[in-house]
Peer 1: 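Take this structure, written in structure tokens, and hold onto it; I'll ask about it next.
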Amino acid sequence: MNPAERKRIYLDHASAMPVDPRVAEFAGWFLTKDFGNPSSLHSVGNAAKKALEDARRKVAELIHAESPECIIFTSGATEANNLAIKGCALRNQSKGKKIICSAIEHMSVINPMKELQKGGFEFSTIPVDSTGLVRLNALEQMIAKDTVLTSVMYANNEIGTVQPIMAVADAVHEKGGILHVDAIAAEGRLPIDVQKEGIDLFALSSNDIYGPPGAGALYVKPGVKIQGIMPGGGQEKGLRSGTENLFAIAGMGEAARIAKLEMEKESARLQRIRDSTISKILKIDGSRLTGHYKRRLPHHASFVFSGIEGESILLNMDMFYNVQISTGSACSSKTLEPSHVLLAIGLRHEEAHGSMVMTLGESSNEDDVPEIVLAVEETVARLRKMSPVR
Ligand code: PMP
């Protein structure tokens, strides 16, 4: 079949998601009608302020925060992680200068920590096992009384592994530390209760729950002190200055409301498609699942194939089958270095190069599974025929 005639099968929801049409309609109102500045004291500003606070309440409800007051809106996930890490470490440095994160965090966690390290903080990473789970005994040994901040992601975007956050929180709190959790890969897919799970700081993004790009949020537990990292007009309790992006924030709130209502059913649906895709792809010679079999995001399937390059898989799947996948984090795929996540779970460089990540979403359909599997089988066979290393 001519590739242009093939139906598009988009399997890269971790990189970008379409905005839910219901959210787009809701948020559009704040571009053209209630477009005010929430800080203005007149009626147009008041309407904007109300929309902002409604969004705050809806996001708080999605994660079972103590109150809407705990939610600080940002421009996205990277900013939320930066605010959590720099804002917490700098504000609490009188208690200690040690900061740690898991070895498989996203660069928006690792790089702010490295920046703090240049400024005199002591930074180290917690090892993970071959399935990507943090080694809890290593964590317990590493955390000291002067470890001011620990960051462990809820689930990993490249290998889908879901961390035992409650056990991590216990280890951190036993030493009086603060736990930051990057929720980006898991939000809207798994039910999360920040209070029950002992989370102190929690980064979220709008687009990862089918909201408009350009908004994110940081949950800050009552009593946890952080400082702002972007001084200005003092919006968002002085922690994040700048006129709020009302359109994206209102959309994020609506997306959070819908996610709360629909997550359970949708995640179960995606999990069925995931399981059937994984079991069929693993029949391909020289294929391996990366990440944990059971403690895994419901929409996530990730593999390595021996003897071929992930970039070639991605381009072939797109060009010949109109199937879009990823080969590791979209954010770092500009470099051809193997993913730090795959190296941390113990893969050799040449193994890590052959990675393929599929993230399912609203357009995914059980009926597409045979087409997906055929595309992978034929792509892998074609690339292996051309490969000099087999
Ligand atoms: N954390 C995780 C786990 C991610 O996968 C990403 C990328 N989607 C980010 C943080 C950063 O997101 P963004 O580039 O949208 O700020």
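Each ligand, and each atom within it, is numbered from 1 in the order the structure gives.
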Peer 1: Ion pair present between E236 and R56, side-chain N to carboxylate O less than 4.0 angstrom?
Peer 2: yes
Peer 1: At under 4.0 Å between heavy atoms, which part of M153 makes contact with ligand 1: side chain, backbone, both or neither?
Peer 2: side chain
Peer 1: Using 4.0 Å as the upper bound for N to carboxylate O, is an ion pair formed by E61 and R57?
Peer 2: yes
Peer 1: Under 4.0 Å, heavy atoms only, figure out whether ligand 1 is touched by the backbone of S205, its side chain, both or neither.
Peer 2: neither
Peer 1: Check ligand 1 against A14 and write out every atom of the ligand that is under 4.0 Å from a heavy-atom position of the residue.
Peer 2: 8 (N)
Peer 1: Let me have the donor-acceptor pairs involving side chains of residues 211-228, under 3.5 Å, with sequence neighbours excluded, atom names and distances please.
Peer 2:
unit_1: Y219; atom_1: OH; unit_2: E66; atom_2: OE1; d: 2.8
unit_1: Y219; atom_1: OH; unit_2: E66; atom_2: OE2; d: 3.3
unit_1: K221; atom_1: NZ; unit_2: E66; atom_2: OE2; d: 3.1

Peer 1: Number the atoms of ligand 1 from 1 as they appear, then name those within less than 4.0 Å of a heavy atom of T78, with their elements.
Peer 2: 11 (C), 12 (O), 13 (P), 14 (O), 16 (O)
Peer 1: When you look for heavy atoms under 4.0 Å from ligand 1, do you find them on the side chain of S108, its backbone, both, or neither?
Peer 2: side chain
Peer 1: May I ask you to identify, for D182, whether its side chain, its backbone, both or neither come under 4.0 Å of ligand 1 on a heavy-atom basis?
Peer 2: side chain
Peer 1: Cation-pi between R382 and F320: NZ/CZ under 6.0 Å from ring centre and within 45° of the ring axis?
Peer 2: yes
Peer 1: Which option wins on minimum heavy-atom distance to atom 4 (C) of ligand 1: E187, H106, M107?
Peer 2: H106
Peer 1: Hey, is R348 close enough to E351 for a salt bridge, meaning N to O under 4.0 Å?
Peer 2: yes
Peer 1: Would you please name every residue forming a salt bridge (Lys or Arg N to Asp or Glu O under 4.0 Å) with E79, sequence neighbours left out?
Peer 2: R240
